Every structure is written in structure tokens, then in C-alpha cells.
Engineer: 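Following this message is one structure expressed as C-alpha cells.
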Amino acid sequence: MPHRCSLHCILPPDLLFKLARTGDEEVRESALRALSLDHTFRQARAVRAARPAPAPAELGGLLAGVTGGSPQRFIYDEHESEAHVLGTLVRSEGQPPVADVAVNDAYDGFGDTYKFYWEVLKRNSIDDRGMPIDGLVHYGSHYDNAFWDGEGHMWFGDGDGKMLTQTTKGIDVIGHELTHGVTQYTLQLVYQGQSGALNESISDCMGSLVMQYAKGQTAEDASWLIGADIVGPLLRPALRSMKDPRNPNPHGAQPAKMSEYVHTAEDNGGVHTNSGIPNHAFYLVASALAGHAWEGAGVIWYDTMRDPKVKPNAGFKQFAQGTLRAAQQRFGTTSGEADAVRAGWEGVEVL
């Protein structure tokens, strides 16, 4: 099933395939290598997904005594290994910075993400029960990707310098990937078609908010770019743009409204492509409300993630109706927030 063993990579497979077809020999080799490693991880996840999951009682025992307000971060150096194991533990929670900048960037990015979810949304880590977060840096040789593996680990490649650079540099990228974990423990969106595009979009929305919160930015100040700090010259200025989905970089155009929806069999039905539609809706809502986007659009989207009426196979319309319901319940049926949500989804032709 798509949502059981999909790998949530920041650089999507369809874009890697495109660069493998059109890039020079060096880029082609890097893209194919990344695709090969991604595929290997997908196979490993499929095998693990078939194993029995720990019973709730067991999980409760493991997390007994964990209180909110402080992350539990562990950063490992993979030494360019391609093995699916933890490398050398180089920094744990509370320890001072080390000489390796990638280690410190991952540690700080995890902290920024935890702080956002705890202070803004009152969520205690990814599972809301204090889950420890492992960061695995320097995975593979110049590996062009970063991803959340669904089991408490985020893996970081160092990039080839053309497609991606050091992936630990992106606060929004870290927020994006860890939010896949939050979705895993809330909505459990099926990673296919519109529900899969929503899965990707929610990660972009929250990843952008993690960066905005860390930098104290308003909706007007924010760039609304995803991955601007990790892209190389081939993909500048960013991987995606929530403000202008059609023009993030020369290779990654997305639709901005439903009349532009891309019907494809690639990338689980275009989950990284069609996410541009709900991304742009979020941008329109946040821009209409102005100020700090996490105070309006952010809490509305998070309320929707926890709404039992929104199902794992939700399409854009069902999710949009959920955000409108959340806005009305939190801010009032005739509130400016509810009006902005309705107008935002109308602006992308969903409502």
C-alpha cells in the first residue's frame, strides 16, 4: 500500500528522473545514484512494514515519564556509509556544539521544529508523546536528498553541489520532513493522488512556518520558498514556491489551481507536483490574514490534521472543508479567518 512504505524525500523522484534524462554526465550520475539509494530504502521500509508494530502498552512503557517542553535529539555521523544503520553518535541532547557544522545544523533544526510544535501547537514531539528524534548526517557520498524514514530517523545527504548542497542547512526542509512524521501520527494520509499531495503540502506548510517562527517573520516578510538554503545552481532559487508554484526553478513547475491539475502515474500520482495547489491555498489564507502565519493559517491547518472527520484518503475538497470547519470552530463562523480560508480555497478552484 502506498502509505505503508513510501519514502518522503525532499527531492522528489520525478524531478530526479528529469535531471537524469536532461543533465550532463555528472548530474545524470548523481541523480541515478540518489534514485537507487531511495529505492533501496523503500524496499527496506516495505519489509519492516510487514513486521508487527509494538503494542500501545509497550510504547507507553518506553515513553513513561517523558514530559513536554524539551526535545530529545541524537545526531549520528554516517561517514558516507550507505548502510541502513546508525553511525557514530556525535551529539546528544544538551551537549555543546561540535566541530562538524552539519551535526550542529541538524541539531538546531530539530530544536527549531520541536520548539514550533511545542510553543505554537502544544505538541510534544512528532508523536505528541516526546518521541526522540535521530538525525543521521553525511549519509552516502554526495547523496542528493534528505528524508524522514517513518521510524524516528531523518537522513541527510551532503549533496553533489549542483542539484543540492548540504541538506542540514534548510530549517524548512527539516520542518517539512519531521512533519511527515506528525502526519503519520495524526491524519495518516494515504501517499497517493490528492491525499498524497496533501501529505506533501502539509509538510511544506508547516516546514515554512517552522522557518518563519524561528526567524520571527510575518507572512509579508516570508519568501514562501521551500529548500532555498539547500539547492545548488541547477535548482535555484528553490525546490518549490508556495507563493508562485509555477516558477520555483527551471525544472520544477507546479500547478497553482485545480484547472491545472496534473494527471500522471509518476510519483504516486504526482504527489510532489499537485501539492502546489493546496500550498498556494495556504499562502493565500496566510497572506490575507497577514501578521504571523502560525497564529491563523497554521493553527487552522493543524486543527484539521486532528479532525476525525478528515479521513486518510481525503481529497483536496474534503480537506478544504475541514479547514473551513476548523476556522469557524476556533475563530467564529463569521470571522475574518473563516472568510480568508474560504477565499483561499476558492482562489485555487477547490471550493
Side-chain angles (χ1 to χ4, degrees), residues 1-49 78-85 87 102 136-151 153-170 173-174 176-177 180 191-193 196-197 199-200 203-204 226-227 230-236 238-240 248-254 262 264-276:
M1 297 174 65
H3 62 301
R4 293 296 183 189
C5 57
S6 295
L7 199 66
H8 303 293
C9 298
I10 194 65
L11 193 57
D14 56 337
L15 182 53
L16 282 169
F17 276 120
K18 181 176 181 179
L19 292 171
R21 291 193 302 266
T22 61
D24 60 28
E25 184 176 351
E26 187 177 352
V27 169
R28 183 162 57 252
E29 183 177 341
S30 295
L32 290 174
R33 186 63 187 155
L35 285 164
S36 176
L37 290 177
D38 296 349
H39 178 68
T40 301
F41 259 98
R42 286 188 179 90
Q43 288 181 314
R45 284 206 61 197
V47 171
R48 290 194 296 269
E78 297 302 294
H79 304 289
E80 298 189 353
S81 169
E82 296 177 2
H84 302 170
V85 296
L136 287 70
V137 303
H138 305 308
Y139 172 69
S141 178
H142 305 293
Y143 172 57
D144 278 302
N145 234 325
F147 61 88
W148 164 256
D149 70 359
E151 299 186 338
H153 313 108
M154 183 170 173
W155 303 70
F156 297 91
D158 295 326
D160 69 341
K162 290 188 174 183
M163 289 185 285
L164 296 184
T165 57
Q166 178 52 251
T167 58
T168 58
K169 291 290 185 185
V173 170
I174 293 174
H176 171 107
E177 293 300 327
H180 278 305
Y191 204 63
Q192 182 75 39
N199 195 316
E200 284 298 331
S203 278
D204 276 353
I226 302 297
I230 71 164
V231 293
L234 270 180
L235 297 176
R236 288 176 186 157
L239 295 175
R240 291 180 288 281
N249 61 60
H251 305 280
Q254 294 179 293
V262 177
T264 176
E266 294 183 356
D267 191 23
N268 287 47
V271 297
H272 287 91
T273 300
N274 292 313
S275 60

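Keep in mind the model is a prediction, meaning the values are calculated, not measured.
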Engineer: Please confirm whether the backbone N or O of Leu11 pairs with a side-chain atom of Asn145, one donor and one acceptor, at under 3.5 Å?
Structural biologist: yes
Engineer: Using modelled atom types and a 3.5 Å cut-off, is there a donor and acceptor pairing between side-chain atoms of Glu82 and backbone atoms of Gly140?
Structural biologist: no
Engineer: Going by side chain to side chain donor-acceptor pair (under 3.5 Å), name the residues that satisfy it together with Asn274, two or more places apart in sequence or in a different chain.
Structural biologist: none
Engineer: Going by the rule side chain to side chain donor-acceptor pair (under 3.5 Å), which residues pair with Glu80 if we only count those two or more places apart in sequence or in a different chain?
Structural biologist: none
Engineer: Return the CE to NE2 distance between Met154 and His180, rounded to the nearest 0.5 Å.
Structural biologist: 9.5 Å
Engineer: Tell me, please, which residues at least two apart from Glu266 pass salt bridge (Lys or Arg N to Asp or Glu O under 4.0 Å).
Structural biologist: none
Engineer: Under the rule for ring pair (Phe, Tyr, Trp, His ring centres under 6.0 Å), what residues qualify as partners of His138, not counting sequence neighbours?
Structural biologist: none
Engineer: Output yes when a side-chain donor or acceptor of Thr273 lies under 3.5 Å from a complementary backbone atom of Gln254, and no otherwise.
Structural biologist: no
Engineer: Let me confirm one number: the OG1-NE2 distance from Thr165 to His142, rounded to the nearest 0.5 Å.
Structural biologist: 13.0 Å
Engineer: Return the CZ to CG distance between Phe17 and Leu32, rounded to the nearest 0.5 Å.
Structural biologist: 8.0 Å
Engineer: Taking only residues two or more places apart in sequence or in another chain, which ones pass side chain to side chain donor-acceptor pair (under 3.5 Å) with Thr168?
Structural biologist: Gln166
Engineer: Quick one: closest heavy-atom pair of Asn249 and Ala238, and the distance?
Structural biologist: ND2-O, 2.8 Å
Engineer: For residues 12-21, which residue pairs pass the salt bridge (Lys or Arg N to Asp or Glu O under 4.0 Å) check, not counting sequence neighbours?
Structural biologist: none
Engineer: Please list, chain by chain and in numerical order, all residues satisfying salt bridge (Lys or Arg N to Asp or Glu O under 4.0 Å) with Lys162, sequence neighbours excluded.
Structural biologist: Asp24, Glu26
Engineer: To the nearest 0.5 angstrom, please state how far the CD1 atom of Ile226 sits from the OG atom of Ser203.
Structural biologist: 9.5 Å
Engineer: Which residues pass the ring pair (Phe, Tyr, Trp, His ring centres under 6.0 Å) test with Tyr143, not counting sequence neighbours?
Structural biologist: Tyr139
Engineer: Report yes if the side chains of Ile10 and Arg240 come closer than 4.5 Å at any heavy-atom pair, otherwise no.
Structural biologist: yes
Engineer: What heavy-atom pair brings Thr167 and Gly157 nearest, and what distance separates the two atoms?
Structural biologist: OG1-O, 2.7 Å
Engineer: Dump the intermediate steps for side-chain contact (heavy atoms from CB on, under 4.5 Å) on Asp144 and Leu19, then the final yes or no.
Structural biologist: CA-CA 12 Å; Asp144 278 302; Leu19 292 171; over 6 Å; no
Engineer: Please find the pair of heavy atoms, one from Pro250 and one from Leu234, that lie closest to each other, and give the distance.
Structural biologist: CD-O, 4.1 Å
Engineer: Relative to the ring of Phe147, is the ring of Trp155 parallel (under 30°), tilted (30 to 60°) or perpendicular (over 60°)?
Structural biologist: parallel
Engineer: Applying side chain to side chain contact (heavy atoms under 4.5 Å, CB included), name anything that partners Ala83, two or more places apart in sequence or on another chain.
Structural biologist: Ser81, Val85
Engineer: Determine the minimum heavy-atom distance between Leu235 and Leu239, stating which atoms define it.
Structural biologist: CD1-CD2, 3.9 Å
Engineer: Taking side chain to side chain donor-acceptor pair (under 3.5 Å) as the test, write out the residues that go with Glu177, two or more places apart.
Structural biologist: none
Engineer: For the side chain of Ser275 and the backbone of His272, is there at least one donor-acceptor N/O pair under 3.5 Å apart?
Structural biologist: yes
Engineer: First locate atom OG of Ser141, then atom CG of Leu37, and finally report the distance between them rounded to the nearest 0.5 Å.
Structural biologist: 10.0 Å
Engineer: How long is the span from the CG atom in Asp38 to the NE2 atom in His8, to the nearest 0.5 Å?
Structural biologist: 12.5 Å
Engineer: Taking side chain to side chain contact (heavy atoms under 4.5 Å, CB included) as the test, write out the residues that go with Ala253, two or more places apart.
Structural biologist: none
